[in-house]
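What follows is one structure encoded as structure tokens, with my remarks underneath.
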Amino acid sequence: MRDPYARRLERLHGAISQEGIDAFLVLSLEGSDYPNLFYLTGFRGSFGIFIADDDPLFLTDPRYTEKVRREVPELPLKEVRGRWTEPLKEELRGRGIRNIGINSRTTTLKLLEVLEEGIPGVEFVPLDGPIEKLRLTKDENEIELMGEAMEITEEGLSWALKRLSPGVAEREVALELEMWYRRNGAEDVSFELIVAFGENSSMPHYRPHPGERRLRRGDVVLFDVGVRYGGYCSDLTRTFAFGRPQAEFPEIYRAVLKANLAAIRGIRAGLSGVEADKLAREVIEEAGFGERFGHGLGHGVGIQVHEGPRLSPTSEDTLEPGMTVTVEPGIYLPGEFGVRIEDLGVVREGGLELLSRFPKDLGAVTI
Ligand code: GLY
Ligand code: MN
Ligand code: MN
């Protein structure tokens with residue numbers, strides 16, 4: 001296989017051999033393990049089975065035969081029709097495989113039952129996300145794709161701001177921005193875009209459904225947006241003042257910005273996810289709003305918009321060079337408004353290198 005896939009497969013072998021296993025089975029049925037299959041092979045369809053051993057083999061059904069040949073030309077391919085357990089059984093038996101690793105994070109109990117009933121004599125050994133663990137740190141090419149995704153994200157956000165005028169509905173802005181993204185190089189949005197006006201901004205994961213809230217002068221406006229480019233995601237939040245919002249807005253905005261900047265300044269390789277979270281949380285607590293910051297500081301971003309590591313009070317992760325993480329403190333006043341400022345950066349030995357550049361001073365977000 002070509003790089004980076006050969007290297008990833010080698011790393012996977014290294015990881016599973018420590019468990020005394022020398023083959024791993026990636027099963028993506030209707031996309032159930034799409035991110036890991038994409039990471040390991042570059043395949044971008046919903047049905048694929050990949051036997052990752054010294055002699056790798058890809059199995060898919062006729063919907064995807066041609067697509068696999070195009071996207072993963074160097075991998076031997078077997079087309080399956082009907083029940084997929086039969087050809088898989090033949091392959092595993094032919095290779096003399098008696099035990100094989102499977103992903104405990106994405107294999108449902110039902111799927112395990114199907115495997116055990118359909119392929120007796122092979123032990124399926126659940127491993128805790130071995131490919132997810134490889135995906136925690138990104139190579140420079142992955143980081144470049146995320147940088148491109150962020151550039152599109154920020155250009156689109158600038159474009160959307162110019163469309164804001166009193167009376168426009170949240171859903172109209174979200175829809176137009178999504179179309180702008182797709183017209184300007186994004187493959188897709190990386191999650192359902194959040195456009196929240198006024199009191200709706202106090203819900204951290206607000207969705208613009210029905211999104212009929214119309215913009216008024218004096219509203220807080222929160223955009224949480226991201227796109228997918230080359231298979232990789234971006235994630236960015238900015239909060240704006242459309243006119244003059246509630247009197248407390250500047251104080252709260254400044255507290256969130258201070259927390260965001262403190263975390264960005266302090267994050268570096270070697271810090272734990274708990275310590276990183278604390279950098280921002282302490283600032284918000286000192287400002288008296290600790291209770292109003294109800295989520296973690298951030299998360300990893302990559303093929304999925306939410307992946308490891310976690311930056312939160314309960315995280316068990318440690319930051320390593322090459323991890324791409326968000327820094328997104330927020331303060332939310334239910335029924336009033338919320339402020340979140342989210343950046344995305346790459347953890348380096350000496351600090352966090354930001355991929356997002358969108359202005360965030362109070363002056364810049366007053367529109
Ligand atoms: N866009 C979801 C998040 O910021 O985590
Ligand atoms: Mn995020
Ligand atoms: Mn976000």
Side-chain angles (χ1 to χ4, degrees), residues 4 35 38-39 135-163 173-174 176-196 204-205 221-240 256-257 260-261 263-265 267-268 276 280 296-311 319-330 339-348 351-361 364-365:
F38 172 60
Y39 182 75
R135 285 168 44 207
L136 286 170
T137 54
K138 276 68 180 174
D139 64 31
E140 291 306 318
N141 183 50
E142 293 178 287
I143 291 168
E144 207 168 293
L145 292 171
M146 293 176 64
E148 295 275 346
M150 185 55 85
E151 251 177 60
I152 298 171
T153 304
E154 295 190 326
E155 275 178 40
L157 180 54
S158 298
W159 177 87
L161 287 180
K162 294 190 205 116
R163 330 275 317 163
V173 177
E176 287 196 13
L177 180 53
E178 183 165 343
M179 287 204 289
W180 190 95
Y181 281 143
R182 284 170 168 265
R183 285 201 176 106
N184 288 276
E187 294 162 9
D188 198 354
V189 288
S190 52
F191 56 93
E192 195 180 342
L193 302 181
I194 299 176
V195 178
H205 271 188
V221 173
L222 186 149
F223 280 88
D224 185 348
V225 292
V227 305
R228 190 169 282 116
Y229 180 84
Y232 284 80
C233 297
S234 59
D235 191 9
L236 173 81
T237 304
R238 286 292 182 268
T239 306
F240 302 90
V256 175
L257 182 58
N260 166 283
L261 293 172
I264 289 170
R265 264 197 308 274
I267 287 177
R268 60 191 152 68
L297 176 66
H299 53 87
V301 178
I303 295 170
Q304 288 171 294
V305 72
H306 288 144
E307 53 183 49
R310 290 177 58 225
L311 279 54
L319 296 178
E320 289 173 39
M323 288 180 165
T324 42
V325 298
T326 67
V327 171
E328 48 179 308
V339 172
R340 179 168 63 258
I341 304 173
E342 175 177 34
D343 285 289
L344 174 62
V346 187
V347 177
R348 302 291 191 190
L352 187 71
E353 176 190 318
L354 287 184
L355 297 177
S356 49
R357 299 195 171 84
F358 204 94
K360 55 189 173 183
D361 289 344
V365 301

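Just the heavy atoms: all of them, side chains too, but no hydrogens, waters or symmetry mates, feed the values below.
- Looking only at side-chain heavy atoms (C-beta outward), P4 and N141 stay at 4.5 Å or farther from each other.
- P309 and V325 make their closest contact through CG-CG1, 3.7 Å (heavy atoms, listed as atom of the first residue, atom of the second, distance).
- Residues A263 and L297 come closest through the heavy atom pair CB-CD2, 3.8 Å.
- Rounding to the nearest 0.5 Å places CG of D343 at 10.0 Å from CD of E328.
- Distance check, rounded to the nearest 0.5 Å: CD1 of I152 to OH of Y229 gives 6.0 Å.
- Applying the side-chain contact (heavy atoms from CB on, under 4.5 Å) test to N184 and every residue at least two apart in sequence or in another chain returns W180.
- Of the residues listed (I194, L193, L236), the one engaging D224 in a side chain to side chain contact (heavy atoms under 4.5 Å, CB included) is I194, and it is the only one.
- Nearest heavy atoms, T137 versus P321: CG2-O, 3.5 Å.
- Taking each heavy atom of V365 and T239 in turn, the nearest pair found is CB-O, 3.3 Å.
- M150 places none of its side-chain heavy atoms less than 4.5 Å from the side chain of R357.
- Within the 3.5 Å criterion, the main-chain N or O of I303 finds no donor-acceptor partner in the side chain of R135.
- Applying the side-chain contact (heavy atoms from CB on, under 4.5 Å) test to V305 and every residue at least two apart in sequence or in another chain returns S190, F191, C233, D235.
- For residues 147-161, the set of pairs meeting the side chain to side chain donor-acceptor pair (under 3.5 Å) definition, not counting sequence neighbours, comprises T153-S234.
- Looking at E342 and L344, their side chains never come closer than 4.5 Å, going by heavy atoms from C-beta outward.
- Shown here for V189 and R228, the closest heavy-atom pair between the two residues is O-NH1, 3.9 Å.
- L352 CG to L319 CG: the interatomic distance, rounded to the nearest 0.5 Å, is 9.0 Å.
- Checked by atom type and distance alone, the side chain of T326 never pairs as donor or acceptor with a backbone atom of G298 at under 3.5 Å.
- Not counting sequence neighbours, E144 has no partner by the side-chain contact (heavy atoms from CB on, under 4.5 Å) test.
- Applying the side chain to side chain donor-acceptor pair (under 3.5 Å) criterion to D188, with sequence neighbours excluded, gives R182.
- Across K360 and I341, no two heavy atoms sit closer than the pair CD-CG2, 3.9 Å.
- Taking F38 as the reference, Y34 meet the ring-ring contact (aromatic ring centres under 6.0 Å, His included) condition, with sequence neighbours excluded.
- Side-chain contact between L222 and R340: present, with at least one pair of heavy atoms (C-beta onward) separated by less than 4.5 Å.
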Let's go through L355 and I143 carefully: what are the C-alpha distance in whole Å and the side-chain angles of both, what is the deciding distance for side chain to side chain contact (heavy atoms under 4.5 Å, CB included) to 0.1 Å, and is it a yes or a no? CA-CA 9 Å; L355 297 177; I143 291 168; 4.3 Å; yes
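- At distances below 3.5 Å, not a single donor-acceptor pair connects side-chain atoms of E307 with backbone N or O atoms of L136.
- Under the 4.5 Å side-chain criterion, counting only non-hydrogen atoms from C-beta, T324 is not in contact with Y232.
- Put simply, the side chain of R238 gets close to the backbone of P359: a donor and an acceptor are under 3.5 Å apart.
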